[in-house]
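Just so it is clear: chains get the letters A, B, ... in the order the sequence lines come, proteins before strands, and each one is counted from 1.
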Number of protein chains: 2
Amino acid sequence: MGNSKEQTNRTATEGGTRERLLEAAGEIFAEKGFRKATVREIVRKAGANLNAVNYHFGDKEGLYRAVFEHALHVCGHLDPETIRKLAGPAPEQRLRAHVAWHLRGLLSEQRPPWLARLRVREMTEPTGVLDLLVERHIRPHFLTLVGIVREIVGDGITEDRVRLCATSVAAQYLHYHHAKPVVTRLNPELKLDDAGIEALADHITQFSLAALENLLRDEEGSA
Amino acid sequence: MGNSKEQTNRTATEGGTRERLLEAAGEIFAEKGFRKATVREIVRKAGANLNAVNYHFGDKEGLYRAVFEHALHVCGHLDPETIRKLAGPAPEQRLRAHVAWHLRGLLSEQRPPWLARLRVREMTEPTGVLDLLVERHIRPHFLTLVGIVREIVGDGITEDRVRLCATSVAAQYLHYHHAKPVVTRLNPELKLDDAGIEALADHITQFSLAALENLLRDEEGSA
DNA sequence: TTGCGTATTAAACAGTTGTATCATGGGCTC
DNA sequence: GAGCCCATGATACAACTGTTTAATACGCAA
């Protein structure tokens, strides 16, 4: 191994290897999950020694937790374009922006942020970080969605029902990541490149909008 | 390598270790997935020897494959009530029957059939059995759903779009299993007992119906 | 220089995994 | 009974896991 990376520990806590470990671990954890990912593979990818994980993070779980905190600071925020759209007046456009942003984070291959994939990994296989993740990220995003849904359906529906509707919306874009191997088999025409992702966001938005608007009518009709 | 697979036990000793292994492995595989489940835990639950897995199924993966084939014969079929409703004339009722059947299989705790849970496990973590599973089970169910959706939306929508709509419907009930820990945190009022499952099926059906009917209107309007 | 603290390396450790090996038992035909 | 086949049992084994320990290189102050 050609080493010769260093030198210069600019700070006592942030060396080169520590950062590289976080990056490498993020990718591998996102791809394989906590259990399947091995420390040896992570340190190999990071070009570090086997002991580096235990030295810098105590143990494997400490690294896992640190990866989340690191990722939340680096790429957990919305892009300016999405922020602008989410702040707009039309709830339809806000719904589209919300759906598209999540879908991109889950399916876009080119970008580095494995945070989204780590997040859904934690959803299906909780490891203890889930509580922190729910409170600091998932719930805020969910409440944003709930607000959008509420604005679309109006005041004639209970809060519980609005949350169920928001869950139905989120379920759709999450599904394309959760069950990706099956979805691509059942929908062979699907192309999940950038254009395909936007088209999918269109579908999910239209489908959900249609549901929410019609639900409103039903409520008005039956009220 | 003695390939003593399926043809051996023809006698009434069918209730032997082979059967018990399939049952125990089904539960454990469904709960923990292929990788996390250990052979030792399976044989302990089955009351069999450690070697039993290798003897009867060659290796762990052979057991896994056999569990699927076994489960498909035992509990892969619809119950009579669901069959009756699915054969009915009203597509709304058929949609409700489809959604409720899948939801029950995924969330009902009392029943034995871990087939549904095994199925979604394979969706999120394919292990090679997925192809067989898709062709023999998932796709048929999906095509049933596609048929129902087509009947609701009419002929003014492309087949690709109909499949996307069916995917949106399926995504909803699958989500309650995939992301169960998160869903229950975000919707604390949810009770996933039998009554709660039926209520959930009502919501998903109404949401999807509203979407499909409104989509039809949009198609007519823009046509 | 010497000493000290920190980061990296290499090797070893203890635990668990799936699988293979060898021996045992039990029913069957001869 | 003897011989044989099939199912089971107890144990061994090699590979892999996360973690620990001991040794080394480097920077810097006294």
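Atom pair A/Asn49:CG and C/dT9:C1' shows a separation of 5 Å (rounding to whole Å applied). Rounded to whole angstrom, the span from the OH atom of A/Tyr64 across to the C1' atom of D/dG18 amounts to 17 Å. Rounded to whole Å, the distance from CD on A/Glu19 to P on C/dT8 is 13 Å. Summarising the geometry, the separation between CZ on B/Arg20 and P on D/dT8 is reported as 8 Å, rounded to the nearest angstrom. The nearest whole Å value for the distance from the CZ atom in B/Arg44 to the P atom in D/dT8 is 19 Å. Across the protein-nucleic acid pair, A/Ile42 atom CD1 and D/dT17 atom P stand 11 Å apart, rounded to whole Å.
For B/His56 and D/dC6, the shortest distance from a side-chain N or O to OP1 or OP2 is not below 4.0 Å. Regarding contacts with the backbone of C/dT8, a side-chain N or O of A/Thr17 is found under 4.0 angstrom from either OP1 or OP2.
When the side chain to side chain donor-acceptor pair (under 3.5 Å) test is applied to B/Arg84, the partners found at least two apart in sequence or on another chain are B/Glu81. Residues passing the side chain to side chain donor-acceptor pair (under 3.5 Å) test with A/Thr82 are A/Asp79, sequence neighbours excluded. Residues satisfying the salt bridge (Lys or Arg N to Asp or Glu O under 4.0 Å) test with B/Arg94, not counting sequence neighbours, are B/Glu151. Partners of B/Arg96 under the salt bridge (Lys or Arg N to Asp or Glu O under 4.0 Å) rule, at least two apart in sequence or in another chain, are B/Glu198, B/Asp202. Every side chain to side chain contact (heavy atoms under 4.5 Å, CB included) that B/Asp59 has, sequence neighbours left out, goes to B/Glu61. Partners of A/Tyr64 under the ring-ring contact (aromatic ring centres under 6.0 Å, His included) rule, at least two apart in sequence or in another chain, are A/Phe29, A/Phe34, A/Phe68. Judged as a salt bridge (Lys or Arg N to Asp or Glu O under 4.0 Å), and not counting sequence neighbours, A/Arg40 has no contacts. For A/Lys180, the salt bridge (Lys or Arg N to Asp or Glu O under 4.0 Å) partners are A/Glu109, not counting sequence neighbours.
A donor and an acceptor atom, one from each side chain of B/Tyr176 and B/His102, are nowhere located under 3.5 Å apart.
Of the residues listed (B/Ser168, B/Ser208, B/Pro91, B/Cys165), the one engaging B/Val149 in a side chain to side chain contact (heavy atoms under 4.5 Å, CB included) is B/Cys165, and it is the only one.
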Grab the N/O contacts between the protein and nucleotides 15-18 of chain C below 3.5 Å, and write none if there aren't any.
from: C/dG18; atom 1: OP1; to: B/Ala37; atom 2: O; distance (Å): 3.2
from: C/dG18; atom 1: OP1; to: B/Val39; atom 2: N; distance (Å): 3.4
from: C/dG18; atom 1: OP1; to: B/Lys60; atom 2: NZ; distance (Å): 2.7
from: C/dG18; atom 1: OP2; to: B/Val39; atom 2: N; distance (Å): 2.9
from: C/dG18; atom 1: N7; to: B/Arg40; atom 2: NH1; distance (Å): 2.8
from: C/dG18; atom 1: O6; to: B/Arg40; atom 2: NH2; distance (Å): 3.0

Donor-acceptor pairs under 3.5 Å, side chain of residues 42-52 of chain A to any protein atom, not counting sequence neighbours: which ones?
from: A/Asn49; atom 1: OD1; to: A/Asn51; atom 2: N; distance (Å): 2.9

Exercise. Nucleotide by nucleotide, 5' to 3', does protein get under 4.0 Å of the base (B), only the sugar-phosphate (S), or neither (-) in nucleotides 21-26 of chain C, counting heavy atoms?
Worked result: B-----
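Rounded to 10°, the angle separating the first-five-pair axis and the last-five-pair axis of the helix from C/dT1-D/dA30 to C/dC30-D/dG1 equals 30°.
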